Structure formats: structure tokens, C-alpha cells
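In this text the structure is predicted, and so the values were computed from the model without any measurement. Here is how names work: the chains are called A, B, and so on, in the same order as the sequence lines, proteins then strands, and each is numbered from 1.
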Amino acid sequence: MSINLQQLKQTQLSLANQVRLSDDFNEPINFIGGTDVGFEDGGNITRAAIVVLSYPEFSVVEYHVARLKTEFPYIPGYLSFREYPALLAAWQQIKQKPDLLLVDGQGFAHPRRLGIASHLGLLLDMPTIGVAKKRLCGQYETLPKQAGNVTPLLDKQQQIGWVLQSKNNCNPLFISAGHRVSQASALKWVNLCLRGYRLPEPTRWADAIASNKSLFKKFLNEK
DNA sequence: GCGACAG
DNA sequence: ATCTTGTCGC
């Protein structure tokens, strides 16, 4: 069974037409979710973690990890087809659905405007924001290493997201609206979720849970 | 044709 | 993403 990228490309273009970049979520925000995906067994197993935090306390309310057999390779621009099955499995177990979901990876800042944050947002019909550690496409001006600096991420004369210096002397984050969230709110909510670390709390916790890092181990012991 | 390329 | 110790800088 081979992969038809031309077909998937059309699927992305079609789905991108359904993405809405205007704010459509409950306020005030009481719960914010975060996602992260990792791999095991040389990539044969996909491990997705979704965490729900209370806002503005950022205390862990719920989390789930789903492990599925990997069915799709990593192809730049087609990441969502590789990761969304496991994310959907983890999502089905979440009881307290969040008001907003921060997804690891691009949202609108994608060649066809359908990064994983947008794709997942459509599949779940949830407000989502893309938080990526690297650039996929677009250009931006170099920004000072001082936390708080922001510059637009541009592609073909249009703003597709933001480049945010979330912490001093760290590589910037690439923020973009996913679905049912405006570009302005995407940046605003990521900033509201920063607590002195490069990654916003929801993403930071999802990463810790997915990779069983010290932050998560410490959390389990104190419980 | 050449280089870039989320996780 | 993942394989992996120490090490430099804030």
C-alpha cells in the first residue's frame, strides 16, 4: 500500500477551507489542554499525550497517554497524518474537555495552511493553537534574544503566524492559529501560559508526561 | 536543478 | 521524533 501525496495534498486544501480563524471559544477560560507526541521502538509505536490544566492555576486536572502502531511516515508538510490517530485515541479518554487546546506543531503556518493544530482542531471541532519549536515555512526578521520579543511570520505577502522569544537566550517558538482562534488570540494565550520556561505550561506538561520526564515523575510522587 | 523541510 | 554525557552560559 503506497502513499499518494497528491491525494493527501487535495485533502489538506479541502480541509483548509473549513478552518476558521476567528475567535470561537468559551470565556473565561477555565481549562487549557496541551498535546505532545513521541515514538517508541524505533518509530513503530506512536505515543500521544494530552493533558488538561486548570486556568489560571495550571494544576494538572487530567491526562491520558495513547499508544498506537505507527501507520504513516514522517513527511514534512504531512505530519498530521502520522500523528493524529494516536491523538484522537488519547482525546477519547479525556472527560474534562478543555476550552482551548495547544498543539505541538504548526497551525496555519503551513504550506497549505493546514498544520497539525488546524487539522486536529477540525477533527475535534475544538479551538486550537499551534506551538512549534521550529519553522516549517515562512520568513521572519531576526529578533532580540530578550524574552517577550515578537515578530510576524510571513509567507507570500501574508502573515501566517508569529515568532515569539518566550524565554531569554532560547530559540524562539513559532505560534500560529489552529482552528476557531484568531492569530491575535493565539499569541495572547500562549503568552498567558508562559511561566518562566520556553514552553507554555500545557505543552510543557504534555511533553513531560509523554516522555516521563522529571517534572512528571515529581508530580506523581507528590500525589 | 538546488536547497529547505513541524515531529 | 530518537540515540545520549558532559558542559558552557544565563
Cation-pi, A:F58 ring and A:R204 (6.0 angstrom, 45 degrees): no
Geometric cation-pi criterion, A:R82 with A:F72: 6.0 Å, 45°: no
First encountered from the 5' end of DNA chain C, between A:N169 and A:S211: A:S211
Residue pair [X] / [Y]: nearest heavy atoms and the distance that separates them:
X      : Y      : value
A:Q93  : A:A66  : NE2-CB, 4.2 Å
A:A89  : A:L68  : CB-CD1, 3.7 Å
A:A177 : A:S118 : O-OG, 3.8 Å

From [atom1] of [X] over to [atom2] of [N], roughly how many Å is that when rounded to an integer?
X      : N     : atom1 : atom2 : answer
A:N44  : C:dC3 : CG    : P     : 13 Å
A:D207 : C:dA1 : CG    : P     : 8 Å
A:L153 : B:dC5 : CG    : P     : 13 Å
A:R112 : B:dA6 : CZ    : P     : 13 Å
A:K134 : B:dA4 : NZ    : C1'   : 12 Å
A:F108 : B:dA6 : CZ    : P     : 19 Å
A:L173 : B:dA6 : CG    : P     : 15 Å
A:L79  : B:dG7 : CG    : P     : 8 Å

Centroid distance under 5.5 Å and plane angle under 30°, A:Y74 vs B:dG7: yes
Polar side chain donor-acceptor pair, A:T203 to A:D104, under 3.5 angstrom: no
Watson-Crick or G-U stems of DNA chain B, 3 or more pairs, under 3.5 Å, by first number: none
N or O in side chain of A:R135 less than 4.0 angstrom from B:dC5 OP1/OP2: yes
Close aromatic pair by centroid cut-off 6.0 Å: A:Y63 and A:W205: no
For [X], answer base if it contacts any base atom (sugar-phosphate contacts may also be present), sugar-phosphate if it contacts only those atoms, and nothing otherwise; contact means non-hydrogen atoms under 4.0 Å.
X     : answer
A:G38 : sugar-phosphate
A:G77 : base
A:Y78 : base

Main-chain N/O of A:C170 paired to A:Q165 side chain as donor or acceptor, under 3.5 Å: yes
Residues A:K95 and A:E62 bridged, charged N to O under 4.0 Å: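 So A:K95 does not pair with A:E62 through a salt bridge.
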Structure string for DNA chain C in dot-bracket form, Watson-Crick and G-U at under 3.5 Å, | interchain: ..........
